[in-house]
Amino acid sequence: MVNELYPYIVEFEEEAKNPDLETHRKRKRSGNSDSVERDAAQEAEPGAGLETASSPSQCSVPPKKGKDAPTKKESLGHWSQGLKISMQDPKMQVYKDEQVVVIKDKYPKARHHWLVLPWASISSLRAVTREHLELLKHMHTVGEKVIADFAGSSKLRFRLGYHAIPSMSHVHLHVISQDFDSPCLKNKKHWNSFNTEYFLESQAVIEMVQKAGRVTVRDGMPDLLKQPLRCHECQQLLPSIPQLKEHLKKHWTK
DNA sequence: GTTCTAGAAC
DNA sequence: GTTCTAGAAC
């Protein structure tokens, strides 16, 4: 049986956390300089991004009047589409029901870090309307259930929320414990994306959709990622990521 | 989103 | 000299 959305298999590159892989850490770069932020700020484009460069069976995609036809190698092969693929992988799925699926973040920024994704293709919060309200509430509820099921006995605090300008396509709710004890947390952008207003509380997003019918974000979000590093527990300023990470240890409940 | 690395910061 | 950050990745 053919999966219409994902007609070909994309292999995930396993991250080199395995010491055995150390010797061939060098790998081809697959860089793409397209601006992610601008991309995320645009409206959803239904139908776009489902074709592949090497798909013999799907020859004719309705050509979008001349200009920005899908000329470049992108779409599903592009890193920003990775969630669409991960969420389909049973090995990644921690929970699923008719509306949503939960996977572990591939590069967790804390001891517990999950993503709740709807099966429905919603590119980002920009595309969210009141008709998605119940879905957003369900995503939140499922997030809380996953916490209860997998970290219920821990005393860790959790937050649920969305990045104001996500890098990855497909709406995803972050469910993340507040220890931020993870080797994948490496830079200022990582920290500030979860510890400034760049992180939009799920509850606030739900209320915004309820009241305004859509999600709007204040200007200057990219600048928030460059703000000085401040401890989320005691507000202390730290001069570098290594020093922040060392500081965080004193708040651990371990 | 990550990796890699030049050169700034210490 | 070493640590650390920040920008490119065709």
Side-chain angles (χ1 to χ4, degrees), chain A residues 6 10-19 21-42 49 53-54 68-89 92 101-110 112-117 121-126 161-176 180 182-196 198-200 220-231 237-248:
Chain A
Y6 310 107
V10 176
E11 280 192 82
F12 264 52
E13 289 186 326
E14 279 306 316
E15 204 28 63
K17 286 171 182 171
N18 186 341
L21 298 178
E22 238 173 61
T23 46
H24 35 114
R25 292 201 62 208
K26 295 271 185 177
R27 61 171 57 105
K28 194 187 77 175
R29 292 213 209 164
S30 57
N32 186 316
S33 57
D34 289 352
S35 170
V36 174
E37 269 102 25
R38 277 188 26 234
D39 195 51
Q42 288 169 357
S54 56
D68 49 13
T71 148
K72 292 180 179 177
K73 38 127 194 202
E74 29 137 87
S75 301
L76 275 178
H78 193 259
W79 58 262
S80 65
Q81 308 302 307
L83 293 179
K84 294 180 181 8
I85 294 162
S86 295
M87 64 188 278
Q88 308 288 333
D89 182 352
M92 310 282 268
V101 60
V102 182
I103 60 176
K104 293 173 88 165
D105 192 292
K106 194 178 178 188
Y107 298 91
K109 304 303 187 294
H112 301 285
H113 187 182
W114 297 285
L115 304 177
V116 184
L117 305 110
S121 180
I122 305 170
S123 62
S124 81
L125 286 183
R126 301 289 300 263
Y162 301 86
H163 281 155
I165 306 172
S167 296
M168 307 289 281
S169 274
H170 205 109
V171 158
H172 53 283
L173 172 65
H174 289 272
V175 178
I176 184 167
F180 295 105
S182 165
C184 298
L185 178 58
K186 293 178 175 176
N187 58 47
K188 181 175 276 192
K189 178 174 178 175
H190 291 156
W191 179 257
N192 283 334
S193 72
F194 288 101
N195 292 289
T196 66
Y198 195 93
F199 189 80
L200 310 174
M221 284 296 142
D223 290 335
L224 291 178
L225 298 178
K226 299 182 176 179
Q227 286 194 342
L229 300 168
R230 189 181 290 279
C231 174
L237 281 167
L238 283 304
S240 72
I241 286 290
Q243 286 174 80
L244 170 63
K245 299 189 77 162
E246 191 60 32
H247 170 91
L248 290 176

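Residue numbering restarts at 1 for every chain, and letters A, B, ... go by the order of the sequence lines. Just so it is clear, the structure is predicted and the values come from calculations on it, not from any experiment.
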*Asks:* Specify the separation, in whole Å, of atom CD of A:Gln81 and atom P of B:dT2.
*Replies:*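 Those two atoms, CD and P, are 16 Å apart.
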
*Asks:* Please determine, for C:dC10, whether a Watson-Crick or G-U wobble partner exists with both distances under 3.5 Å, and give it or none.
*Replies:*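 Per the H-bond distance test, none.
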
*Asks:* Please determine if a side-chain N or O atom of A:Lys186 lies less than 4.0 Å away from the OP1 or OP2 oxygen of B:dT3.
*Replies:*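 So the side-chain polar atoms of A:Lys186 do come within 4.0 Å of the phosphate oxygens OP1 or OP2 of B:dT3, strictly under.
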
*Asks:* Does A:Lys109 use its side chain to pair, donor to acceptor, with the backbone of A:Ile176 at less than 3.5 Å?
*Replies:*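 Not at all, since once roles are kept as given, no pair shorter than 3.5 Å links the two residues.
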
*Asks:* I need the NE2-C1' distance between A:His163 and B:dG1, as an integer number of Å.
*Replies:*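 The answer, rounded to whole Å, is 11 Å.
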
*Asks:* Measure from CG on A:Leu76 to C1' on B:dG1 and round the result to the nearest Å.
*Replies:*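 Distance, rounded to whole Å: 16 Å.
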
*Asks:* If you look at every strand shown and take non-hydrogen atoms under 4.0 Å, does A:Lys226 touch a base, only sugar-phosphate, or nothing?
*Replies:* nothing

*Asks:* Scan every strand shown for a Watson-Crick or G-U wobble partner of B:dG1, both distances under 3.5 Å, and answer none if you come up empty.
*Replies:*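 Here B:dG1 is not engaged in any pair, so there is no nucleotide opposite it.
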
*Asks:* Going through the checks in order, is the side chain to side chain contact (heavy atoms under 4.5 Å, CB included) test met by A:His190 and A:Asn192?
*Replies:* CA-CA 6 Å; A:His190 291 156; A:Asn192 283 334; over 6 Å; no

*Asks:* Can you check the A:Asn187 CG to B:dT5 P distance for me, whole Å?
*Replies:* 17 Å

*Asks:* May I have the distance from A:Gln243 (atom CD) to C:dT5 (atom C1'), rounded to whole angstrom?
*Replies:* 13 Å

*Asks:* Would you say C:dG7 has OP1 or OP2 under 4.0 Å from some side-chain N or O of A:Lys188?
*Replies:* no

*Asks:* Any idea how A:Phe180 and A:Trp191 line up, ring-wise: parallel (<30°), tilted (30 to 60°), or perpendicular (>60°)?
*Replies:*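 Because their plane-to-plane angle is over 60°, the rings of A:Phe180 and A:Trp191 count as perpendicular.
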
*Asks:* Can you check the A:Trp79 CH2 to C:dA9 C1' distance for me, whole Å?
*Replies:* 11 Å

*Asks:* Using atom CD of A:Glu246 as one end and atom C1' of C:dC4 as the other, report the distance to the nearest whole Å.
*Replies:* 16 Å

*Asks:* Expressed in angstrom and rounded to an integer, what is the separation of A:Lys189 atom NZ from B:dT3 atom C1'?
*Replies:*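 Those two atoms, NZ and C1', are 14 Å apart.
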
*Asks:* For the side chain of A:Ile241, starting at C-beta, report the closest nucleotide among C:dT5, B:dT3, B:dG1.
*Replies:* C:dT5

*Asks:* In terms of ring plane angle, is the pair A:Phe199 and A:His174 parallel, tilted or perpendicular, where the classes change at 30° and 60°?
*Replies:* tilted

*Asks:* Please report the shortest heavy-atom distance between A:Leu125 and A:Val171, naming the atom on each side.
*Replies:*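 In this case the closest contact between A:Leu125 and A:Val171 is N-CG2, 3.7 Å.
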
*Asks:* Name the closest nucleotide to the A:His190 side chain, picking from B:dG1, C:dT5, B:dT2.
*Replies:* B:dT2

